[in-house]
Amino acid sequence: MTINVKAYANADDVLVAWQPDTWPNDWVGFQLERRNNITQQSIVLTNRIPPQPGEKPVADGGIPSTQSPFRRCIWTDHSVVDTDNVSYRVTAMKDGANGTFTPDPASVSAWTAPVVASGDAGGGLSAYFNRGTLMSQIVSRFVHGDTSDDSLRNFVKGLSDPANQARRYLSGDARHEILAFLHDADLRGSRIHAAIYEMNDEELVGALKPFGARGNVLLGNGSATNPDIAGELGGAGLTVKHRDLSNAGRSSPSVHNKFVVESDADGNAIRVLTGSTNWTTTGLCTQLNNVLIIENAVIAERFLDQWGKLVADGNAMPPALKASNSTPTIDGNISLYFAATNGEAEFQPVLDLIGNAKSGALFLMFMPGQSPLLEALLDRAQQNDIYVRGVVSTVMASKNGDIVSVGGEVVKSGAPAQSFHDDVQLPHGVSATNEPSWADVEFSVSQIRKAGMIAIVHSKTIVIDPFSDDCAVITGSHNFSVSASQKNDENLVIVRGNKALAQAYALHINGVYDHYSWRGYLGSRGNPDQIYSLDGWKPGGGKEQELDFWMEEPVPPRAHRGAAPQSSPARAAAKRKKAVKTSASKPAKKSPKQAKAKKSAKAARATATTTARKSKAKARKSKR
């Protein structure tokens with residue numbers, strides 16, 4: 001027998017997937033080992049799930065997988081650090097005496113090919129991510145299990161302190177690389193031109209000040225900007241400009257870029273930092289975000305040119321700017337669009353990529369509204385001919401701007417109407433009512449809203465066929481929404497053919513998807529003890545498609561279990577609506593607070609369904 005193993009890395013994690021060629025009935029789990037390829041030392045990785053169902057939480061360091069085997073075939077190793085060169089090996093485990101486990105010596109796999117934990121994807125491209133999930137077990141450990149409102153307020157207050165341990169963890173590589181980008185540019189005596197939607201994080205502000213007269217900042221109309229920031233930067237000698245497309249002090253239409261261009265002393269653009277990360281403490285720590293660094297003179301020069309155009313146009317979006325934005329800048333495998341555009345010009349190449357995907361499409365979206373890109377991805381999920389996984393995060397606000405609900409959807413190809421990974425309210429913590437025996441209660445979305453914050457999936461990323469030479473990554477500041485395309489300042493970057501970059505973003509998306517889908521499963525009263533069974537990973541099991549994808553095997557279409565296949569997008573939308581209705585009919589009695597949250601979530605889902613119908617009607621009309 002053989003266990004085939006693959007490993008993929010980004011700057012923060014390594015995802016390990018394994019697939020046996022046969023499945024002996026006495027296997028109950030797997031031991032996972034990691035080898036440092038520099039020192040040749042190997043360790044057994046630990047599991048945070050106790051050996052048997054019903055047991056209490058394990059120690060913070062976890063328990064070795066020899067004592068509590070992994071009952072799955074995909075695992076993400078979060079304990080690697082930047083530049084680690086590692087390989088992995090898997091051994092099947094059997095039941096032993098007195099509740100112990102013994103290895104099957106005939107099953108020991110070969111070590112994987114070495115992988116390096118690094119943000120550098122080659123070709124002048126680097127990708128970095130934060131860990132901004134407030135509804136998580138690590139946050140529960142930071143607050144020592146105290147998830148009261150007072151504890152949350154104190155926790156959030158501490159996140160603005162650069163020395164705060166939770167801030168450093170949650171902001172992760174995204175914060176580190178923004179600071180490193182600025183620090184290195186300053187050491188070289190370079191100039192910078194930054195266009196930032198909103199800014200209030202004092203550590204990031206402080207990193208701009210050393211540039212003095214070499215620094216240029218265009219502040220957008222984001223509502224979170226500290227009103228003292230412009231004065232601080234101006235007092236340090238930087239040139240500060242303002243742009244407000246609303247012309248009324250509102251945050252929409254949004255001057256929504258988040259980029260910084262580094263130029264040499266002669267004014268030649270060298271590289272650019274972009275992505276989804278707002279320069280706020282919440283952007284760093286309590287929203288999931290990404291940072292992309294592009295070391296390409298042609299692309300950097302186009303960003304620099306855009307900065308000048310935005311400043312020159314003041315608070316306007318004249319036709320000449322939209323026309324310029326609609327023409328991409330292409331250099332090698334990188335295409336760059338700016339918004340607003342004419343006729344949603346930036347969407348067509350993305351729609352082509354989604355429509356031509358051969359094996360998989362993974363995505364994260366924030367507030368996409370009536371997005372043709374989201375509709376195209378949902379259609380591919382319903383067709384079930386490729387592997388599709390995604391998370392959409394939405395926010396509903398009242399007329400005065402107060403957040404009244406935070407919701408969204410977890411999207412999975414091949415899912416029946418009621419299943420693990422289906423429609424859920426997002427974000428969602430592990431509550432006391434559905435808490436597994438080994439888990440801590442987490443902060444809830446309603447608590448976070450009450451504390452004046454929103455915890456959201458703010459990354460805007462689509463990955464197509466990450467294991468193929470024809471792979472693509474689509475990212476930037478763009479929310480993928482029609483309104484952003486028609487009204488906002490945005491940037492959208494498409495990178496083709498860089499598998500290292502595509503796989504780095506795919507790992508990021510997969511981690512977010514797993515986080516919310518598991519909590520959604522628990523929130524719908526799913527049985528947490530299902531993770532003690534390997535059945536779902538075997539041929540014909542519910543996880544077979546996921547495993548085939550990460551093992552780079554063909555992902556054939558799979559019929560929806562327990563339901564007739566959908567024959568049209570309209571029937572697919574009806575099915576999603578029915579799933580929400582059916583799910584809503586079964587809950588146990590809830591507290592007034594839970595009932596109110598549920599009502600808000602229902603309203604958000606209803607709005608999303610209406611949006612989807614309008615978008616499809618619009619698409620049909622345009623085809624006619």
Side-chain angles (χ1 to χ4, degrees), residues 130 132 171 174-175 178 181-182 192-205 207-208 215-230 232-233 238 240-261 272-292 303 306-307 309-311 313-317 321 325 337-340 364-369 393 395 397 401 403 453-454 456-461 475-481 483-493:
N130 70 349
S171 61
R175 166 186 157 274
I178 293 172
F181 183 99
L182 296 174
I192 59 163
H193 290 77
I196 308 296
Y197 172 56
E198 55 188 5
M199 183 186 303
N200 67 24
D201 189 81
E202 285 296 336
E203 185 176 29
L204 298 186
V205 173
L208 291 169
N216 304 271
V217 177
L218 172 63
L219 285 176
N221 54 343
S223 60
T225 295
N226 186 323
D228 297 331
I229 295 298
E232 284 188 45
L233 294 175
L238 285 82
V240 180
K241 302 291 185 179
H242 298 270
R243 179 166 163 86
D244 177 10
L245 286 172
S246 79
N247 286 282
R250 296 190 298 269
S251 58
S252 180
S254 299
V255 179
H256 199 237
N257 284 298
K258 314 99 169 37
F259 69 75
V260 185
V261 182
V272 61
L273 179 150
T274 185
S276 67
T277 309
N278 285 323
W279 287 37
T280 62
T281 301
T282 55
L284 290 176
C285 300
T286 71
Q287 302 169 0
L288 287 158
N289 278 305
N290 74 86
V291 168
L292 177 66
F303 270 98
Q306 186 72 3
W307 192 94
K309 288 178 178 177
L310 297 179
V311 170
D313 287 333
N315 294 336
M317 181 70 73
L321 180 59
N325 291 345
Y337 284 87
F338 290 98
L364 301 175
M365 291 187 179
F366 174 65
M367 297 287 287
S393 190
V395 171
I403 302 300
M453 304 173 60
I454 53 173
I456 53 176
V457 178
H458 193 253
S459 247
K460 309 96 171 27
T461 301
T475 192
S477 71
H478 206 305
N479 282 342
F480 303 140
S481 67
S483 61
S485 179
Q486 294 177 346
K487 300 177 181 179
N488 287 0
D489 284 346
E490 304 280 7
N491 67 83
L492 186 144
V493 180

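Since the structure is predicted, the reported quantities are computational estimates derived from the model, not experimental observations.
- In terms of heavy atoms, Glu198 sits closest to Asn278 at OE2-ND2, 3.5 Å.
- For the atom pair OG1 (Thr282) and CD (Gln287), the distance works out to 4.5 Å, reported to the nearest 0.5 Å.
- Residues Ala224 and Thr280 come closest through the heavy atom pair CB-CG2, 4.2 Å.
- Around the NZ atom of Lys309, the shell of radius 6.0 Å holds more than 12 heavy atoms that belong to other residues, nucleotides or ligands.
- No side-chain heavy atom of Glu490 sits under 4.5 Å from any side-chain heavy atom of Ser485.
- Looking only at distances, no side-chain donor or acceptor of Arg250 sits under 3.5 Å from a matching main-chain atom of Gly222.
- Put simply, the side chain of His256 gets close to the backbone of Ser477: a donor and an acceptor are under 3.5 Å apart.
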Checklist entry - Which is it for Met317 and Asp489 under the side chain to side chain contact (heavy atoms under 4.5 Å, CB included) test, yes or no, and what are the steps along the way? => result CA-CA 9 Å; Met317 181 70 73; Asp489 284 346; 3.2 Å; yes
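- The distance from the CG atom of Leu273 to the CG atom of Leu292 is 8.0 Å, given to the nearest 0.5 Å.
- For the residue pair Asn226 / Asn200, no side-chain donor-acceptor distance below 3.5 Å is found, with atom types taken as modelled.
- Going from atom CZ of Phe366 over to atom CG of Leu288 covers 12.0 Å, rounded to the nearest 0.5 Å.
- Using modelled atom types, no side-chain atom of Asp244 and backbone atom of Asn221 make a donor-acceptor pair closer than 3.5 Å.
- Taking CG from Leu219 and CZ from Arg243, the interatomic distance works out to 13.0 Å, rounded to the nearest 0.5 Å.
- Taking the six-membered ring where tryptophan is involved, the planes of His193 and Trp307 are perpendicular, since the angle between them exceeds 60° and thus also 30°.
- Residues Ser393 and Pro368 come closest through the heavy atom pair O-CD, 4.3 Å.
- The backbone N or O of Ala484 sits nowhere less than 3.5 Å from a side-chain atom of His478 that would complete a donor-acceptor pair.
- Between the side chain of Asn315 and the backbone N or O of Asn247 there is no donor-acceptor pair closer than 3.5 Å.
- Separating the CZ atom in Phe480 from the CE atom in Met365 is a distance of 5.5 Å, to the nearest 0.5 Å.
- Residues satisfying the side-chain hydrogen bond (donor to acceptor under 3.5 Å, both in side chains) test with Ser251, not counting sequence neighbours, are none.
- Side-chain N/O atoms of Asn257 and Asn491 include a donor and acceptor closer than 3.5 Å.
- Listed by chain and residue number, nothing satisfies the side-chain hydrogen bond (donor to acceptor under 3.5 Å, both in side chains) test with Asn130 (two or more places apart in sequence, or in another chain).
- The shortest non-hydrogen separation linking Ser254 to Leu245 is O-CD1, 3.9 Å.
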Next on the checklist: I'd like to know whether Trp279 forms a side chain to side chain contact (heavy atoms under 4.5 Å, CB included) with Val260, so could you lay out the CA-CA distance, the side-chain angles of the two residues, the decisive distance to 0.1 Å, and finally the verdict.
Outcome noted: CA-CA 11 Å; Trp279 287 37; Val260 185; 3.5 Å; yes
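- Summarising the geometry, atom CG belonging to Asp201 is positioned 4.0 Å from atom OG1 belonging to Thr281; distances are rounded to the nearest 0.5 Å.
- Residues passing the salt bridge (charged side-chain N to carboxylate O under 4.0 Å, His left out) test with Glu203 are Arg167, Arg175, sequence neighbours excluded.
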Next on the checklist: Determine whether Leu284 and Leu204 satisfy the following criterion, side chain to side chain contact (heavy atoms under 4.5 Å, CB included), listing intermediate values before the conclusion.
Outcome noted: CA-CA 10 Å; Leu284 290 176; Leu204 298 186; 4.0 Å; yes
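- The minimum heavy-atom distance linking Lys460 with Asn290 is given by the pair N-ND2, 4.1 Å.
- Tyr197 and Thr225 get closest at one heavy-atom pair: O-OG1, 4.0 Å.
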Next on the checklist: For a side chain to side chain contact (heavy atoms under 4.5 Å, CB included) check, start with the C-alpha distance between Lys258 and Thr277, then their side-chain angles and the critical distance, and finish with the verdict.
Outcome noted: CA-CA 7 Å; Lys258 314 99 169 37; Thr277 309; over 6 Å; no
